Structure formats: structure tokens, C-alpha cells
2 protein chains.
Amino acid sequence: MSNPTIRINPRQEQIIRLVRSQGYVSNEDMAQQFDVAVQTIRRDIGFLAEQGLLTRHHGGATPNSTIENIAYNERQILNLKAKDAIGHCAASLIPDRSSLFINIGTTTEAFARSLGGHRDLRVVTNNLHVASLISGRPDFRTVIAAGELRPKDGAILGAAAIETLDSFRTEFGVIGISGIADDGTLLDFDLNEIQCARTIIRNSRRVLLLADHTKFSRQPMGRVGGLADLMI
Amino acid sequence: MSNPTIRINPRQEQIIRLVRSQGYVSNEDMAQQFDVAVQTIRRDIGFLAEQGLLTRHHGGATPNSTIENIAYNERQILNLKAKDAIGHCAASLIPDRSSLFINIGTTTEAFARSLGGHRDLRVVTNNLHVASLISGRPDFRTVIAAGELRPKDGAILGAAAIETLDSFRTEFGVIGISGIADDGTLLDFDLNEIQCARTIIRNSRRVLLLADHTKFSRQPMGRVGGLADLMI
DNA sequence: GACAACACGAACAAAAACGCGCAATCACGA
DNA sequence: TCGTGATTGCGCGTTTTTGTTCGTGTTGTC
């Protein structure tokens, strides 16, 4: 029948906890910490990875925060370094205990990843990956918008999403953009995205627009607004 | 059914207390502490584990955290094999091109993981992890419910979520449950969860209830419905 | 592109833990 | 006092876990 006693021993449980809290731990470190041979740790890691509880690497293991891995591995992220830097910089502008919208886009996801040091934020987002990234934070209050998912980037768009976004007012709106025209006009490809961005801008006291240099060379056709709309 | 005299001797009671306070205690330590042979401790541990009062391991025992206290990460690994098997089995009942609700719970997540071979499903869910799992599928149409995220398990609950769920009718409702009473009554801990489950049941042509054997030994207090509510 | 250092898996051996059967002990009432 | 049944301790063969060795594979550097 089904085995009643699950085959996970205390050490393996500790390993999961350790890896999840540290991000990356080497086999050597774990062997030392638990006072067992490296080979034993390897066996544990192998077993846990087989169960899908963490990810194996040469020399150690990392947690299996599903979405982050999907984000990095399966999706092409251009200018990762620049986006991380932008996200980090933007995050430093957000004080603890603030409320904020986070819109769709890979740059806003980088921003969300940089919120690790913040506390007690209240976040409203229509970005599935952002929601996943911060979903484990017990001190955050995270609201996700309703609606249909767009597979390619985890965006939640449409009338229902706008309705959700429209029922909140926040101190910050963090949005990305597809393109910026020479005159400062903000541009996007998709009407739904544009409407969501507008809703966020309308309901935020301040707006942080995250964009790297590539946005200046693109010229989508939809108009989100002018830079003037972002002024405080 | 409930046996009137369960024989738990003082030593066994002490063992439970000790394990609960220490986290992990080796059989050797306990044998020394109670001044009995290791064999006797083994018997005690075996008996107590059988009663579900603690968890047995090679060389010792750990406490059996109560359901509410089990963190999501740990819950995820409970009965992983059984949950995968259940999920796989349930997935085989779903034809391509169906529409379905997927509720919160680790078993429903296992189910979602088993949908890899399906095509063109339309899914409505209030489970962030489920949404993430299937978000990359370009042939699926995925709708996520609105509302506040519960960090411990990625559940989206509340009035907004119910409103989203209530605006769809599907062929299948896939739900988990916290406990099943002997008379078939479905039980849950949280009022919000119960309301979501009821909404899903109401709006589904057929309901698939995913539960492993551990659900029969738990007795939460909220009533979701009877097994009769699930009949086709 | 080659080499050194490190990490890995497989196989084997040692150690620890386990279960079972049986005998000794204890509790308790006839 | 004796018998009965439950509990405990011990011996021993079996299973599980852990450590070690060694040939192979991977990584990083020059």
C-alpha cells in the first residue's frame, strides 16, 4: 500500500530549510554543518532534487522557487544586468510599509526581486511572476488582479484586472514600458496593457517608470501618456 | 469506533512531551533518560507513530506538527508520492479542451503538474502556484481569481475571489479538502476556503475531490458539504 | 585546447538501527 | 500460592544508513 512513514529524515528537512533561507549552500558546508560525509549530503541532495524540493548544482544546491527559475531559465531576459540595476535602484526609493502597484514587464520583475530587504509592503499587481516572487513573504500584503493570464509573460489583463486595479490607491506605481518616443510620449504595443498602465498611473500618488536604454529605440504605436503624467 | 481505553503509559506520555519540546530526540537518548532498553523505546515510538502522535525516523523521532502549524513548504513534502499518484489519476479523467476550476491545496497542485500532456484546457483557479505551473502553456486559457494572497500557501481568497469564481461555469471542479468525517462530511479549517470550495462546487458540472488517506484522520470544524453534493 | 583541481556516481564495507522470538519480570486477582 | 497476561530486556539475523575508495566527468585557468 502507501507507505505511512515518509522517507524524509530530520537532516534532509534541515537541508531544505537551510537552502531555502541561504539561497545557495555548498555540499561541503552542509557536510560540515551536519557533521556527516560529503557523500551523505550528496545522497540527500540527490533524493530531495528527485522529489522536486530543491535544485541540484555542481557543488551544492539552490532552492526551487519555481517561478524565479522559470523566469531565468525558460524566458529570454535581455539586459538582465541593467534591469537588475534599475530594479535595485528603484527599490531603494521605496520605504518600508509603503503601498505600491507593480505592473507587468521583466524590468518590474527585477524590481520585485530587489524587494527582499523591505518589510510590510502592500503590493497590488497584475503580474503573475511578481506575485509569485513575493508570495512567500508573510509580512507583505499582496493583492493579485483578476483575469486571463497571458502565457508569454504572466500578465493579467482585461476588464476584470482593471477593475481590481481601480479599487486601490497606492503611494507608488511601478511600471515598465515598451517604448519612449523622443518627445517623451510613453508607448506600448497592446491596448490592454495600455489601459492597465493608465489605471495604475491614475491611482498612484507617484509613478516610477522603469526603462532601460533599449526602450528609446523602439516605437510601438499605442500611447500610454506623456512623461508629464508621471509628475508628482 | 473510538476505543474507550487507549493504553498510553506515563513513559509514552513523557516521550511525546519530550519530543514536542526538543524537536528531535534519538532513541538512545530517550533510553538513557528513562532508564530502559532502547528496544522498549522503539516499541513506544512505533506505537505512538501508529497513533499519529509523532513521526518516526531512523534513530529517533520528531514531533508531528499539527495541521495548522505545518508550513507550506513542509506540507508540500507530506505524502508526495501519494499526492502525485492522485494528481496523475485525476488528470487522466480530464479530456482535452475541457474547462475546469482548480482550488487551493498541495494535492491540487500535484494535479496541475500532471496536466502536462493535456491540450487546450480552460482553467480558472484561485491558487497562485497552480497558475504559475500552467502559466507558460500557450494553448491553455488560464483565469486567475482576484484578491489577497495568503503567503503560506499561495491561496487567493475573499469576496473578490469568489466573485471571479462565480462568473464562470465549468465542466470540472477539482478541489482538495482538509478533512473528511466518517459520515462523508467534507471539512475545512477556514471559512474563506469553505466559501471558495462551495462556489466551485456550485459552478461545476462534475467535481473531483482529491484527498489522500491522511484526510480521514483530521477533523477540522468547518463544514463544506457532504459527499452527496459531489454526485454528478 | 590542455591541464589541474575539484566534484560526481558506483561499489563495497562498516556501523548503526531495526524487527522478531523468547525468556525473565512484574502486576494482579483467584 | 499460583496462574495469567502484559511489559520489558536480550540475542541474533536482517535492513538501513553512512563512510571510503576509486574511476569518470565537470569546471576553471592558463
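Throughout, a chain's letter reflects where its sequence line sits, starting with A, and its residues are numbered from 1. As the structure is a prediction and not an experimental result, all values here were calculated from the model.
Under the side-chain contact (heavy atoms from CB on, under 4.5 Å) test applied with B/Glu109, the options B/Asp153, B/Asn127, B/Ile104 reduce to a single match, B/Asn127. A/Ile45 pairs in a side-chain contact (heavy atoms from CB on, under 4.5 Å) with only one of the listed residues (A/Leu54, A/Thr55, A/Thr40), which is A/Leu54.
The distance between atom CG of A/Asp35 and atom C1' of C/dA16, rounded to the nearest whole Å, is 15 Å. Taking atom CZ on A/Phe34 and atom C1' on D/dG19, their separation rounds to 18 Å, with Å as the unit. In this structure, A/Arg42 places its CZ atom 13 Å from P of C/dC6, rounding to the nearest Å. The CG atom of A/Asn9 sits 9 Å away from the C1' atom of D/dT17 (whole-angstrom rounding). Here C/dC8 presents its P atom at 18 Å from CZ of A/Phe47, a figure rounded to the nearest Å. Distance, A/Ile41 CD1 to C/dC8 C1': 15 Å, rounded to whole Å. If you measure from atom CD1 of B/Ile45 to atom P of C/dA17, you get 13 Å, rounded to the nearest angstrom. Across the protein-nucleic acid pair, B/Asp44 atom CG and D/dA6 atom P stand 16 Å apart, rounded to whole Å.
When all heavy atoms of A/Ile134 and A/Ala112 are compared, the pair lying nearest together is CG2-O, 4.3 Å.
Proximity of B/Arg11 to the phosphate of D/dT8: a side-chain N or O atom is located under 4.0 Å from OP1 or OP2. Under 4.0 angstrom from either OP1 or OP2 of C/dG9 there lies at least one side-chain N or O belonging to A/Arg56.
Using a 4.0 Å cutoff on non-hydrogen atoms, the parts of residues 14-33 of chain B near DNA chain C are B/Asn27, ordered by number.
Residue-level contact check: B/Val36 touches the backbone only, with heavy atoms under 4.0 Å from sugar-phosphate atoms and none from bases.
Considering only side-chain atoms of B/Gln39, the nucleotide from D/dG11, D/dT16, C/dA7 that sits closest is D/dG11. Checked against D/dT8, C/dG9, C/dG19, the side chain of B/Thr40 finds its nearest nucleotide in D/dT8.
Below the 3.5 angstrom threshold, one finds a donor paired with an acceptor across the side chain of B/Arg43 and the base of D/dG9.
A side-chain donor from one of A/Arg42 and A/Gln39 sits under 3.5 Å from a side-chain acceptor of the other.
Here A/Arg43 pairs with nothing under the side chain to side chain donor-acceptor pair (under 3.5 Å) rule; sequence neighbours left out.
Side-chain contact check for A/Asn126 versus A/Asn103: some heavy-atom pair is nearer than 4.5 Å.
For the pair B/Gln12 (side chain) and B/Asn9 (backbone), a donor-acceptor distance under 3.5 Å is present. Under the 3.5 Å distance criterion, the side-chain polar atoms of A/Thr142 are left unmatched by any main-chain donor or acceptor of A/Ser135.
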Would you check, one step at a time, whether the test salt bridge (charged side-chain N to carboxylate O under 4.0 Å, His left out) holds for B/Asp120 with B/Arg97? CA-CA 5 Å; B/Asp120 303 311; B/Arg97 270 171 292 285; 3.1 Å; yes
Under 3.5 Å, which protein N or O atoms sit close to an N or O of nucleotides 28-30 of chain D? Give each pair with its distance.
none

